[in-house]
Colleague: 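Dumping the structure here so I can ask a few things about it.
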Amino acid sequence: MPMPTPASGLPAISFQNVSKTYRGGSVRALDGVSFDIQPGEFFGLLGPNGAGKTSLISILAGLSQASGGSVKVMGHDVVADYAAARRALGIVPQELVFDPFFSVREALEIQSGYFGVKGNGAWIDELLENLGLADKAKANMRQLSGGMKRRVLVAQALVHRPPVIVLDEPTAGVDVELRQTLWAFIARLNREGHTVLLTTHYLEEAEALCHRIAMLKLGRVVALDRTSDLLSGRASTMLRFKTDAALPPALAAQSRVTGRIVQIKAHDAAEVETMLATLRAAQVPVEDLEIGRADLEDVFLEIMNGAEQGVGA
Ligand SMILES: Nc1ncnc2c1ncn2[C@@H]1O[C@H](COP(=O)(O)OP(=O)(O)OP(=O)(O)O)[C@@H](O)[C@H]1O
Ligand SMILES: [Mg+2]
């Protein structure tokens, strides 16, 4: 099925100076967020807990009103032209919300009806198949496990074949197998022309999937670039190893330690040699030593911990 495309040159999603306050202004969740997502892009929206990702998606979905600014989907304003904007979107919400009284297939048929899509049986079958739900089609929603419910939410979001797919942490609580099936399926839809907006705390997923990434911190965009440029622009060499010993103070200050795994950022190969010499001199036993490039997680932490200025405002 050909993708409906917006009038030429229009972005798939456009955020313009979006702000959002809660509790009469005492909580500022979004503070002048502006960026565009182009048709066909796989776009990542990253940020720590409370950064404002779900607030932005709720405004996009028309579930909550911006305190300022505007949002358009395929050229349709999400407030003034709500129905057209909503029809262009398939949204997988972060929270598991579902109607416990229906079977999986009924839930998908009802959702089709809501968007006025008739004769949707073949597509519903394809969704059930691709999301590993075929044997659960007749099961009641309340009998499903948490991960299964999330699969149904994904199917529900896609049931009217929206050109723009928005996934708010779709893989939270989802097992490895479904994660792979889900990404294969979403990547296929993206190749077929669907625009995808994804938020996730699994940064390796974002690194693998997203063409461009925006990072939110305290309601402001603090980085926005092609994924490859984010990685090559900042990232440097990383020394990774496992140890049970304490690090010498000189290295401890610049290391990230996760359990037994130590990662230390180096600017170049010479610095790596110095670090290894320091470890040897301190008699720190080192296992599984690797020297590699910094990944998106390293870049993310560097940006979040740094005093970056807002961009795109
Ligand atoms: N309904 C609400 N009432 C008051 N404050 C809210 C409400 N919803 C969100 N907030 C606040 O707005 C800020 C942004 O929250 P939001 O849910 O958008 O973050 P997030 O980036 O999606 O975080 P997470 O990664 O945890 O999902 C937080 O400070 C949050 O406490
Ligand atoms: Mg959220």
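Every value quoted in this text rests on a predicted model; they were computed, and no experiment measured them. One-based numbering, in listed order, for ligands and for the atoms of each.
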Colleague: Nearest heavy atom to atom 24 (P) of ligand 1 wins, so pick from L45, N49, V27, I59.
Modeller: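 It is N49 whose heavy atom sits nearest to atom 24 (P) of ligand 1.
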Colleague: Counting both backbone and side chain atoms, is some N or O of A29 under 3.5 Å from an N or O of ligand 1?
Modeller: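 Among all N and O atoms of A29, none is under 3.5 Å from an N or O of ligand 1.
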Colleague: Counting neighbours of NZ on K72 that are heavy atoms of other residues, nucleotides or ligands and sit closer than 6.0 Å, is the number greater than 12?
Modeller: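 For K72, atom NZ is not crowded (no more than 12 foreign heavy atoms under 6.0 Å).
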Colleague: Considering all protein heavy atoms, does one lie under 4.0 Å from atom 31 (O) of ligand 1?
Modeller: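 No, there is no protein heavy atom closer to it than 4.0 Å.
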Colleague: With atoms numbered from 1 as shown, which atoms in ligand 1 lie under 4.0 angstrom from a non-hydrogen atom of E169?
Modeller: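 It comes down to these atoms of ligand 1: 25 (O), 27 (O).
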Colleague: Suppose we measure from atom 28 (C) of ligand 1 to each protein heavy atom; which comes out shortest, and what is that distance?
Modeller: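 In this structure, atom 28 (C) of ligand 1 has G50 O, 3.8 Å as its nearest protein heavy atom.
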Colleague: Please verify the inter-ring angle class for H160 with F115; under 30° counts as parallel, over 60° as perpendicular, anything in between as tilted.
Modeller: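 Judged by the thresholds at 30° and 60°, the geometry between H160 and F115 is parallel.
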Colleague: Counting backbone and side chain alike, does Q94 bring an N/O/S atom below 2.8 Å of the Mg ion (ligand 2)?
Modeller: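 Within the cut-off used here (under 2.8 Å), Q94 does place an N, O or S atom near the Mg ion (ligand 2).
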Colleague: Between S19 and G32, is there a donor-acceptor pair closer than 3.5 Å when you use the side chain of the first and the backbone of the second?
Modeller: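 Checking the backbone N and O of G32 against the side chain of S19, no donor-acceptor pair under 3.5 Å is found.
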Colleague: Do the side chains of V299 and Y202 join up, straight or via other hydrophobic residues, at under 4.5 Å, putting them in one cluster?
Modeller: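 Looking at the clustering, Y202 is in a separate group from V299.
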Colleague: May I ask you to check if ligand 1 and R23 share an N or O to N or O distance below 3.5 Å?
Modeller: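 R23 vs ligand 1: no N/O contact under 3.5 Å.
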Colleague: Are any of the side-chain nitrogens in R188 or E126 under 4.0 Å away from the carboxylate oxygens of its partner?
Modeller: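 E126 and R188: salt-bridged.
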Colleague: Which of the atoms in ligand 1, numbered in the order shown and given with their element, are less than 4.0 Å from a heavy-atom of H201?
Modeller: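 Going through ligand 1 atom by atom, the ones under 4.0 Å from H201 are 25 (O).
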Colleague: Is any N or O atom of G47, backbone or side chain, closer than 3.5 Å to an N or O atom of ligand 1?
Modeller: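 Between G47 and ligand 1 (N or O atoms, distance only) the closest approach is not under 3.5 Å.
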Colleague: Under a 3.5 Å cutoff, is there a donor and acceptor pairing between the side chains of S34 and N17?
Modeller: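 Checked: S34/N17 side chains show no N/O donor-acceptor pair below 3.5 Å.
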Colleague: Mark up the atoms of ligand 1 that fall under 4.0 Å of a heavy atom belonging to Q94, in ascending order.
Modeller: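 Reading through ligand 1 atom by atom, the close ones are 27 (O).
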Colleague: Check the angle between the aromatic planes of F35 and F43 and answer parallel, tilted or perpendicular using the 30° and 60° thresholds.
Modeller: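 Ring orientation, 0 to 90° scale: parallel.
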Colleague: State, to 0.1 Å, how close I186 and L167 come at their nearest heavy-atom pair, and which atoms those are.
Modeller: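 So the minimum-distance heavy-atom pair works out to CG2-CD1, 4.1 Å.
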Colleague: Of all the non-hydrogen atoms in the protein, which one sits nearest to atom 17 (O) of ligand 1, and at what distance?
Modeller: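 The answer is T54 CB, 3.7 Å.
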Colleague: Do the charged groups of D288 and R260 touch, with an N to O distance under 4.0 Å?
Modeller: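 No salt bridge links D288 with R260.
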Colleague: Which of the numbered atoms in ligand 1 are below 4.0 angstrom from a heavy atom of S55?
Modeller: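 Counting from 1, the qualifying ligand atoms are 14 (C), 15 (O), 16 (P), 18 (O).
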Colleague: Report whether any nitrogen, oxygen or sulfur of T54 sits less than 2.8 Å from the Mg ion (ligand 2) (N, O or S, backbone or side chain).
Modeller: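 Of the N, O and S atoms in T54, at least one lies under 2.8 Å from the Mg ion (ligand 2), which means yes.
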Colleague: Which residue holds the protein heavy atom closest to atom 9 (C) of ligand 1, what is that atom called, and what is the gap in Å?
Modeller: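 The answer is Y22 CE1, 3.4 Å.
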